[in-house]
Structure formats: C-alpha cells, structure tokens
Amino acid sequence: MYRLDPRYGPAPGAVLATGWPAVAARLPGGPRTVAVEGPPSVDFDRLAARLAAHLAGPVRTLDVRAHYAPPSSVRARTEDGTGDPYYCKLAANPLSDLFDELPRAAGAPDALCLVYGPGASLVPHDVLWYADVPKRYAEAAVAAGTGRNLGLPHEPGDLRRLFYVDWPVLDRHRDSLAPRVDAWLDVQDPDRPVHLDGDGLRATLARLARRPVRTRPYFNSTPWGGHWARRRLGFAAGARNTALGYELIAPESGVLIGTGPDRQAEVPFQLLCVLHPEEMLGADAHARFGTSFPIRFDYLDTVDGGNLSVHCHPRERYMRERFGWPYTQHESYYLTLGGPDRRVFLGLREDADPDLFRKEVEEAAEDGVPMDPEDHVLTFPAEQGRLFLIPAGTPHASGAGNLVLEISATPYLYSLRFYDWLRPDADGRPRALPYAHGLANLDTVRRGDAVARDLVQEPRALRTGPGWREDLIGALDEMFYEVRRFTLDAGAEATDDTAGRFHVLNVVEGEGVELHTAAGASHPLSYAETLTVPAAVGPYRIAARGGPVRVVKALVRAPAAGRS
C-alpha cells in the first residue's frame with residue numbers, strides 16, 4: 001500500500017514536544033536571548049505571540065524584519081541585473097545582505113529576549129531554534145497572493161524571486177546552522193507546533209543516513225495535469241489534478257520524524273546530505289556534487305490530462321554561467337503507464353529546419369499562431385516499461401494519457417518551453433514561454449535515427465540469479481547517471497550492494513518488495529513508491545512481495561568509466 005506519510009522514529013533520547021505550552025517549556029529559564037530563525041513562509045507574528053504567551057516571566061521581542069535594508073537595496077543586492085522575466089541567476093548572497101546594519105537585542109536582567117524572523121540567527125544569542133514549513137507552503141502562498149519574499153515583507157511575493165533568490169539564500173543559511181541549532185520547530189499547523197531538540201535531530205539524521213529512507217510525497221497541479229495519482233494513490237482529492245508528483249526532489253523533499261500523525265516533524269531531506277555527505281552520497285559523488293543530492297524521482301501524470309509543453313533544458317555551460325547551477329538538468333522518462341496509442345515527443349526529425357522551427361515558435365508565442373510540433377520533433381509510442389533518455393538541449397514532451405516516472409538530475413526549475421499548445425494557465429492567461437532560452441540550448445546535432453539509437457535503448461542484461469535479473473535500460477556518456485531495472489519472479493530475492501554509491505529505487509510493476517540491509521535494517525517499498533538507499537548501506541537484498549515485480553534503480557555512473 002502506497003504510504004502518503006512514511007515516518008521514522010526519533011533516535012533514543014530525542015525529545016519531541018507538541019503544542020505551544022510544551023514547546024515553551026523547552027526553553028531554559030532566566031534572562032537569555034533566544035533567536036528563532038526560519039523562512040518568511042513561517043507566520044512569525046503568530047509564533048512570537050504564542051510563544052511569549054506561554055513563557056513564565058517578562059519577555060521582550062525583536063522582529064528583525066523591521067530592520068531590513070530598504071526594498072530597493074535588497075533587490076539591488078540580490079537580483080542578477082539581467083531583467084529576465086523568467087529566471088534569475090541563483091543568488092549567492094549571505095543572509096546578512098538583507099541588512100544595512102544588524103539590530104541589537106535589547107537585553108534586560110529580568111527578561112527573556114525573543115528575536116525572530118529570517119536573519120534572527122545573525123543577532124548574538126544564547127539559544128537558537130529553527131522554525132520551518134516545507135517549501136510547498138511558500139509556493140502555494142505566493143501563488144495565492146498571500147506569500148512574501150525574503151527581505152521584502154511588505155510587498156506581494158513573486159515566484160521567480162522565491163525560486164531563484166529566496167530559496168538558495170535560505171537553504172545555504174539553514175544548512176550552515178544545522179550543526180548547532182538547539183531545536184527544530186515544525187509549524188505547519190501554527191496552533192500545534194512540533195519541537196524536536198537539536199541533538200535529537202542530529203542523532204536521528206545520523207541513523208537515517210545509514211539505512212534506507214523515503215521522503216514524504218506530494219503532488220502539484222498544472223494546466224496539463226491528469227488524475228491517476230488521485231484515483232490510484234489517494235492524493236489531493238480537492239485539487240484540479242495531480243500533475244507533478246514530488247517523490248524525491250532533494251531541494252524540496254522532507255523526511256517525517258515522529259511517532260504518529262499528530263506527533264511528527266518534517267525535516268528537509270537535504271540536511272541528511274549536509275550533515276552526512278559521504279554516508280548519503282558516497283565519496284565520489286560527494287567530491288563531484290558537494291552536498292547536493294544529484295538525482296531526483298518525480299511523476300508526470302497526464303492520465304486524462306493533456307500534452308506537456310514541448311521544451312528542453314539548459315546545457316551544461318549555459319546552466320552554470322547563466323543560471324548558476326554547477327550541473328545541468330539531464331532527464332529521462334520511464335513509462336510507468338502508457339500504451340501504443342499514446343506518445344512521447346523526443347528529439348529533432350532528420351529533416352527538421354532549425355530556422356523554420358524558430359520562426360514557428362516565435363509566431364506561436366508572440367501572435368498565437370498554432371504550430372504542429374510533429375513537423376519538427378519525433379514521436380515514439382509510449383510503451384509501458386520503456387525508458388527515454390533526454391540529455392540537456394533535447395526537445396521533448398510527454399503526451400496525454402501517460403504516467404511518466406521522471407528519473408533525472410536534481411535541477412528541476414528550468415523547463416525552457418518552445419510551444420504549449422496555446423494553452424492558458426490556471427488564471428486564463430497565456431502560459432510563460434521562455435523560448436529564447438530554449439532556442440539558445442536546442443541540440444540540432446542529434447536527430448533522426450541517432451535519436452532512436454542513442455535515446456531509446458534496448459535493455460541489456462547485467463546480472464542474473466534464481467528468479468531474478470538486473471538489466472541496464474539507459475546509459476549515455478554525456479549523462480552522469482544511469483538507470484537499471486530488476487525483474488523478480490514471485491518469491492524471488494535479488495542481491496545488491498551500493499559499493500560506495502547511493503541507489504534510488506522505485507517499484508514500477510507489482511505489489512512491492514521488502515529491502516533488507518546487511519546491518520539488519522528492513523524497509524517495505526510498495527508500488528509507485530521511491531526509496532533512497534544511502535551509499536553507507538553497502539550490501540542489501542530485495543525480496544518480491546506477492547507476485548512478480550519490477551523495480552527501477554538509478555545511480556551515479558562510476559568515475560572509472562572516464563566521466564567527470
């Protein structure tokens with residue numbers, strides 16, 4: 001059974017507290033300065049009022065948001081100056097750039113001073129708490145017109161700034177604090193916070209970095225979205241559709257730590273990689289990617305939905321120099337559900353004319369002239385179980401009626417759309433088409449038969465055992481990861497070993513498997529679920545549950561193969 005809320009118990013000795021009275025009781029008594037750091041999506045006004053109301057003795061408060069530099073200065077320091085309406089280069093600012101001068105806590109011999117808001121940790125303090133809500137809350141609030149951007153608390157929020165300025169700055173700052181925070185405070189329910197002590201947080205993450213772990217999944221809606229996840233998995237009953245399924249996207253994914261649905265804190269998956277990079281990633285991947293977990297798994301649900309836009313992703317140099325990501329957005333589509341009457345758009349036709357393609361893309365975007373992408377882009381049958389490789393620069397789209405498991409590099413916010421079927425967004429406005437970026441990255445070299453040969457590969461057997469086999473189903477020299485697939489008969493058990501490289505698994509057919517590590521840990525994995533197997537796990541076994549089963553696996557390719 002697919003789990004909407006996979007949960008892991010806290011380490012022995014960790015302290016969970018729920019509700020404001022219990023949370024306030026975790027603060028030490030006496031005159032101290034307590035800093036409560038966190039993103040602007042946290043309701044800091046409510047947090048400060050509720051916390052102060054449950055503290056014994058006098059409390060003085062300092063809202064650091066009242067001390068930010070003027071909005072024009074904040075924007076000048078954090079924007080990249082290009083005026084690009086779609087993207088900013090990832091901001092590299094420290095959080096201190098929000099201030100001309102840091103405020104000073106007004107201490108008193110008989111009072112606790114509560115300093116709060118984004119940047120509170122920069123004020124000298126005795127105790128540091130990090131208050132958080134997952135990023136999906138920030139995106140939803142900004143999209144609804146109620147969210148605010150970092151350093152601009154009195155202006156309407158902007159998604160472009162949220163993605164490319166706020167999140168990079170906030171993530172770096174949060175990661176730098178992780179080794180020393182005194183507590184993690186989950187305020188998804190602002191009336192019932194969940195507090196996890198800092199030592200308990202770090203001890204729990206240390207345990208999880210050495211055993212299989214699943215992140216909390218969720219789905220977003222888009223104009224092309226389908227309904228498979230709502231019907232099959234029970235997601236988002238009130239949403240328009242379940243288009244984008246976030247199974248494992250490291251910058252946004254969270255891990256639930258707790259003992260039940262009313263006693264759990266959601267902690268960023270990224271903290272596992274920050275605090276335990278070699279255990280999670282392995283030495284080679286850590287050397288190459290730092291603390292960035294480089295592979296993501298997500299769903300594209302177009303079942304009873306529409307075609308995706310025809311788009312591509314930035315090539316390596318463009319991604320690095322223009323957008324600021326150190327590696328690019330290579331992708332692949334695994335067809336979890338498809339059919340011979342459905343299709344995948346992939347790669348240029350042999351006879352494609354790039355100049356004509358450019359002309360038609362521009363006319364569609366600027367004048368609303370419809371175009372037929374099949375005049376330029378190949379289509380392939382959306383055969384269930386087929387993998388399509390999509391290196392950066394390759395035009396592609398999933399057609400309507402498919403469930404795609406996207407197995408890709410972690411960058412995920414750079415869909416350079418060429419054509420979107422003249423489709424309006426949820427508010428009835430034309431969808432944004434950053435086609436100039438797309439045209440600048442379009443791969444015009446690989447086309448025709450080379451697309452079919454290189455990007456639609458046949459499985460190649462790697463290993464076999466009693467009742468099971470492992471196939472390589474997709475690998476390309478220019479892509480840093482590869483995709484394999486286990487096929488197990490009913491009752492069969494396959495062996496594997498991380499051998500210093502993390503694995504990511506997903507059950508694509510069958511009821512599921514049970515994973516057993518050499519250290520004695522076990523983890524169930526059901527149909528459609530994704531599981532991270534940290535590099536530190538080493539040898540493990542997967543045993544089929546019920547009938548036959550198929551499990552896809554992605555991993556970073558070995559450096560010995562001559563890739564960098």
Side-chain angles (χ1 to χ4, degrees), residues 1-3 6-9 11 204-215 217 247-248 255 269 272-273 276 278-285 293 295 297 334 336 385 387 405 407 459-475 481-558:
M1 177 180 174
Y2 186 92
R3 283 160 287 257
R7 187 182 305 109
Y8 301 90
T204 304
L205 294 177
R207 287 159 57 93
L208 291 177
R210 294 166 174 82
R211 60 182 62 187
V213 62
R214 173 162 163 71
T215 57
E247 278 289 308
L248 172 65
V255 178
F269 173 85
L272 284 163
C273 303
H276 304 283
E278 292 209 2
E279 291 90 341
M280 286 298 298
L281 299 167
D284 291 333
F293 193 87
I295 292 178
F297 275 41
Y334 184 90
T336 300
L387 182 77
L405 176 64
I407 305 170
R460 289 155 280 173
L462 293 176
R463 300 186 300 138
T464 61
W468 66 270
R469 73 175 186 274
E470 182 184 16
D471 295 323
L472 176 64
I473 60 173
Y481 65 92
E482 64 186 45
V483 184
R484 304 179 183 182
R485 184 176 61 203
F486 284 104
T487 301
L488 292 86
D489 296 339
E493 184 175 276
T495 60
D496 208 345
D497 191 333
T498 60
R501 292 183 288 166
F502 71 87
H503 296 172
V504 184
L505 310 179
N506 179 284
V507 177
V508 293
E509 293 181 44
E511 179 181 332
V513 297
E514 191 83 19
L515 188 146
H516 305 278
T517 74
S522 296
H523 201 296
L525 189 65
S526 296
Y527 173 69
E529 291 185 336
T530 300
L531 187 69
T532 301
V533 185
V537 165
Y540 67 92
R541 299 172 285 118
I542 54 173
R545 296 202 318 250
V549 66
R550 279 183 159 182
V551 179
V552 297
K553 177 179 79 176
L555 68 162
V556 174
R557 304 185 74 190

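Atom set for the values below is all heavy atoms of this structure, side chains included, hydrogens, waters and symmetry mates excluded.
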Peer 1: How long is the gap from CZ on Arg545 to CD on Glu511, to the nearest 0.5 Å?
Peer 2: 5.5 Å
Peer 1: Would you name the heavy atoms of Arg501 and Ala558 that are closest together and state the gap between them?
Peer 2: NH1-N, 3.1 Å
Peer 1: Any heavy-atom pair between the side chains of Asp284 and Val556 that's under 4.5 Å?
Peer 2: no
Peer 1: Could you tell me if the side chain of Tyr8 sits less than 4.5 Å from the side chain of Thr204, heavy atoms only?
Peer 2: no
Peer 1: Check side chain to side chain donor-acceptor pair (under 3.5 Å) between His276 and all other residues, then give those that pass, not counting sequence neighbours.
Peer 2: none
Peer 1: Could you go through Ile542 and Leu488, starting from their C-alpha distance and side-chain angles, then the distance that decides it, and tell me whether this counts as side chain to side chain contact (heavy atoms under 4.5 Å, CB included)?
Peer 2: CA-CA 9 Å; Ile542 54 173; Leu488 292 86; 4.2 Å; yes
Peer 1: Does Arg469 use its side chain to pair, donor to acceptor, with the backbone of Gly465 at less than 3.5 Å?
Peer 2: no
Peer 1: How close do Pro6 and Pro217 get, heavy atom to heavy atom, and via which atoms?
Peer 2: CD-CD, 3.9 Å
Peer 1: Would Arg550 and Tyr334 count as a cation-pi pair here, with the cationic atom under 6.0 angstrom from the ring centre and within 45° of the axis?
Peer 2: no
Peer 1: Against Tyr540, only a single residue in Thr517, Asp496, Thr495 fulfils side chain to side chain donor-acceptor pair (under 3.5 Å); can you say which?
Peer 2: Asp496
Peer 1: Can you tell me if His516 and Ser522 form a side-chain donor-acceptor pair at under 3.5 Å?
Peer 2: yes
Peer 1: Looking at every heavy atom in both Ala285 and Leu281, which two are closest together, and how far apart are they?
Peer 2: CB-O, 3.4 Å
Peer 1: For Asp489 and Trp468, what are the C-alpha separation, side-chain angles and deciding distance, and is it a side chain to side chain contact (heavy atoms under 4.5 Å, CB included)?
Peer 2: CA-CA 6 Å; Asp489 296 339; Trp468 66 270; over 6 Å; no
Peer 1: Rounded to the nearest 0.5 Å, what's the gap from CG on Leu205 to CG on Leu272? Could you check?
Peer 2: 5.0 Å
Peer 1: Let's go through Thr530 and Val504 carefully: what are the C-alpha distance in whole Å and the side-chain angles of both, what is the deciding distance for side chain to side chain contact (heavy atoms under 4.5 Å, CB included) to 0.1 Å, and is it a yes or a no?
Peer 2: CA-CA 7 Å; Thr530 300; Val504 184; 3.6 Å; yes
Peer 1: Below 4.5 Å, heavy atoms only, C-beta onward: do His523 and Glu514 meet side chain to side chain?
Peer 2: no
Peer 1: Let me confirm one number: the CZ-CD distance from Arg207 to Glu279, rounded to the nearest 0.5 Å.
Peer 2: 14.5 Å
Peer 1: Calculate, to the nearest 0.5 Å, the distance between atoms CD1 and CZ belonging to Ile295 and Phe502 respectively.
Peer 2: 4.0 Å
Peer 1: Quick check on side chain to side chain contact (heavy atoms under 4.5 Å, CB included): which of Ile473, Asp471, Leu472 does Arg460 satisfy it with?
Peer 2: Leu472
Peer 1: Does a side-chain heavy-atom distance below 4.5 Å link Glu529 with Arg3?
Peer 2: yes
Peer 1: Can you check side chain to side chain contact (heavy atoms under 4.5 Å, CB included) on Thr532 and Met280, steps first, answer last?
Peer 2: CA-CA 9 Å; Thr532 301; Met280 286 298 298; 4.2 Å; yes
Peer 1: Do you know which two heavy atoms are closest between Pro466 and Ala492, and how far apart they sit?
Peer 2: O-CB, 3.9 Å
Peer 1: If you measure from CG on Leu531 to CG on Asn506, what distance do you get to the nearest 0.5 Å?
Peer 2: 10.0 Å
Peer 1: Under 3.5 Å, side chain of Thr215 to main-chain N/O of Glu247, donor-acceptor pair present?
Peer 2: yes
Peer 1: Hey, does Leu515 have a side-chain heavy atom less than 4.5 Å from the side chain of Leu505?
Peer 2: yes
Peer 1: Minimum heavy-atom separation for Tyr481 to Ile407, with atom names?
Peer 2: OH-O, 2.9 Å
Peer 1: Does Gly385 offer a backbone N or O that forms a donor-acceptor pair with the side chain of Arg485 under 3.5 Å?
Peer 2: yes
Peer 1: To the closest 0.5 Å, what do you measure between CZ (Arg463) and CZ (Phe486)?
Peer 2: 5.0 Å
Peer 1: State, to 0.1 Å, how close Ala209 and Pro534 come at their nearest heavy-atom pair, and which atoms those are.
Peer 2: O-CB, 3.2 Å
Peer 1: Hey, are the side chains of Val508 and Tyr527 touching, using non-hydrogen atoms and a 4.5 Å cut-off?
Peer 2: no
Peer 1: Does the side chain of Leu555 reach to within under 4.5 Å of the side chain of Glu482, using non-hydrogen atoms?
Peer 2: yes
